[in-house]
Every structure is written in C-alpha cells, then in structure tokens.
Amino acid sequence: MTSAPRVTPPPASAARSHPRSPGALFVAFTLLALQGFGGVLAVAQRELVDRRGWLGRDEFIEAYSLAQLLPGPNVVNLSLMVGDRFFGWRGALAAISGMLLAPLVLVLAAAASYQQLAGYPAVAGALRGMGAVAAGLILAMAFKMLLTLRKNLMGPWLCALLGLTALIAVVVFRVPLAWIVIGLGLAGWSLARVCIVRQSGGPPAQSGTAAASPGAEPQRPTAPPAGTTATRSPPEAEQ
C-alpha cells in the first residue's frame, strides 16, 4: 500500500501580506511619520512588522541594520528600501514622499508659531512629555530587537558583548558614530564569518576520487603482475 505524498506547508514569507499599490505605501508611511514623536523607528517596527505584516522581524532587523550603515537619515533609507522591495522606484518614491511630506508641513507650521507658543508652560510641559514617551518607545523597540538575537549565528552572548561595547563607546567615551559603525561593524562582520565557517565544518574536504582536469590524460588500465592469470567473469567464460 503506497503512502500518500506529504504536502509541505508554504513558507512564512508566502503568507505575508503585501501593500496593494504605491498609494498604500504612501498612506502607510504618512501615518507612520505622524506617529513618530521623537523618532519614527520605534513606530516603524510596530507598523511594518506587527500590525501590517509587510516584513518579518528578522527582515526588519536586516533592513534597519543596512539603513543604519548607509549615510543619511536611517528612517529615510529604511523607507526607500521597503518601497523598492515591493514596487521598485515607484514604491521608493511613494514611501519617501509619505515619510517626508506631512512632517515637513507640520515642522514649517510649528516653526512659524514656535516663538508665540514657546513661552506657555503648557507647551513646554507637552514637549517634555513627548520626549519621555519617545524614550519609552525606543527602549521597547530595542527590547524587541534583542529577542531576535537568540537565533543569530554568533549567539546571544557575543551579540550582547558587541552591543554593550557600542553602548559604552557612545555613552562613556563619546566616540563618534562613524567610528563605531566602521570599527564594531567590521568586528561583527568578521566574527559572523568565523561563526559561519565553524558551523559549516570548514572548507569541504577533497574526496578520494577527485574529478580529472580538462587537460589531464585519462588513466590507462594497468596490466596484472607477471605470473598471475587474469580471471574472467562467468558470462565471459560462457562465451
């Protein structure tokens, strides 16, 4: 009796939702930018990963890491990569327009009225409250990013060591961000390469029957030693 063939479940990326059009990207990044008091990255993971499901958590970490390494505002780089991922240059243009258009209008309006409103205690208290909320959102995003390090090839302890080194370099020694990205980025890349080589077992060992090179001559069968008779197989003996 033959067993029924097993049906492999689709990968997680196949079930992930996608934006319907570049207009949906524009609306999503506009709403994302309007929620980003003190920084958009704290809201970006919740919107793109948890709420809309356009990116997986590991994909978001990879895109954010690359956006952090590239020059320019990291959230702008992230919006360009997400838009280009789904709709090419049209998606990139829609995403960055949504990210920058509404905040630009609000910043111009706030700059025009700041001189008149800065003297009110209620306005100063509201700004301090927004700063505290932004700090809490950034800490929450950092905690979620730490959870993804459990599946990292380098292991949680080595990743924690790199993160702690970066934190001490910024807070205590006030090292410029460019030097931290170059130094610790190259160190993390080198350590990840070493871990990949160790997990793969090193370079593949050469097999006993190596493939002959194109210019090599084929090996000729060697004759049996003198004094021995070559035995014939039973079919040959019958013939």
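Just the heavy atoms: all of them, side chains too, but no hydrogens, waters or symmetry mates, feed the values below.
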Does any non-hydrogen side-chain atom of R85 lie less than 4.5 Å from one of L55? yes

Does M154 share a hydrophobic cluster with W189, counting links as ILVMFWY side-chain heavy atoms below 4.5 Å and allowing steps through other members? no

Could you state the interatomic distance from CD (Q45) to CZ (R51), rounded to the nearest 0.5 Å? 15.0 Å

At what distance, to the nearest 0.5 angstrom, does OG of S79 lie from CG of L32? 9.5 Å

Which pair of non-hydrogen atoms, one from F87 and one from L25, has the smallest distance, and what is that distance? CD1-CD1, 3.6 Å

For the student: nearest non-hydrogen atoms of G98 and A33, plus distance: O-CB, 4.1 Å

Starting from F86, can I reach F26 by hopping between I/L/V/M/F/W/Y residues whose side chains sit under 4.5 Å apart? no

From CA spacing to verdict: side chain to side chain contact (heavy atoms under 4.5 Å, CB included), I96, V76: CA-CA 6 Å; I96 195 173; V76 173; 3.5 Å; yes

S97 OG to L104 CG distance, which is reported to the nearest 0.5 Å: 11.5 Å

same_hphob_cluster(V170, L184) at 4.5 Å side-chain heavy-atom cutoff: yes

Do you reckon L186 sits in the same ILVMFWY cluster as L158, going by side-chain contacts under 4.5 Å, direct or chained? no

Value for CD (Q68) from CD1 (I61), rounded to nearest 0.5 Å, stands at 11.5 Å

Can you check whether A67's main-chain N or O pairs, donor with acceptor, with N77's side chain at less than 3.5 Å? yes

Check the pair T30, L101 against side chain to side chain contact (heavy atoms under 4.5 Å, CB included), reporting the backbone distance first and the verdict last. CA-CA 8 Å; T30 299; L101 185 58; over 6 Å; no

Should W54 and M99 be regarded as members of a common hydrophobic cluster, given that ILVMFWY residues are connected when their side-chain heavy atoms come within less than 4.5 Å of each other, either directly or indirectly? yes

Note: M81 and A63 closest approach over all heavy atoms is CE-O, 3.1 Å

Using side-chain heavy atoms (C-beta onward) and a distance below 4.5 Å, is L66 in contact with E62? no

Atom CD1 of I180 and atom CD1 of I168: how far apart are they, to the nearest 0.5 Å? 11.0 Å

Does any non-hydrogen side-chain atom of L106 lie less than 4.5 Å from one of L34? yes

Heavy-atom check, side chain of L78 versus side chain of F60, under 4.5 Å: yes

